[in-house]
Amino acid sequence: MKQLITVTALLLCMQAAVAQVEKIDTDRPDQTESAVLVPAKWIQFEIGFNKEWLKVDGARVYMAPTLLSKYGISKNIELRLI
């Protein structure tokens with residue numbers, strides 16, 4: 001019985017996740033550039049990991065994973081936290 005309740009709850013959650021009205025722009029050159037805002041009352045997370053080559057000694061430098069959180073306040077304003 002517990003398995004039936006668990007499966008039913010998961011299916012309902014999946015249906016809610018699939019039933020998006022608006023689309024979020026996922027084609028971004030990097031974490032800070034985008035011409036499209038997140039829709040109002042939506043939240044979007046962008047996770048990244050950077051690797052650089054140093055010109056001086058040719059060593060690889062790995063940047064810590066970064067997280068950009070964006071929240072749509074209105075149609076024309078979004079809040080960003082890096």
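Note that these values count all heavy atoms, side chains included, but never hydrogens, waters or copies made by symmetry. Nothing here was measured: the structure is a model prediction, and the numbers come from that model. Numbering starts at 1 and runs along the sequence shown.
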Here the gap from Leu37 atom CG to Lys75 atom NZ, rounded to the nearest 0.5 Å, amounts to 10.5 Å
Of the options Thr6, Val7, Thr8, which is the one that meets Leu4 in a side chain to side chain contact (heavy atoms under 4.5 Å, CB included)?
Thr8
Looking at CD1 of Ile82 and OG1 of Thr66, how far apart are the two atoms once the value is rounded to the nearest 0.5 Å?
8.0 Å
Quick one: does any side-chain atom of Glu78 pair with a main-chain N or O of Val38 as donor and acceptor, under 3.5 Å?
yes
Shortest non-hydrogen contact between Ile47 and Leu67, atoms and distance:
CG1-CD1, 3.6 Å
Are Lys41 and Tyr71 packed together at the side-chain level, in the sense that at least one heavy-atom pair is separated by less than 4.5 angstrom?
yes
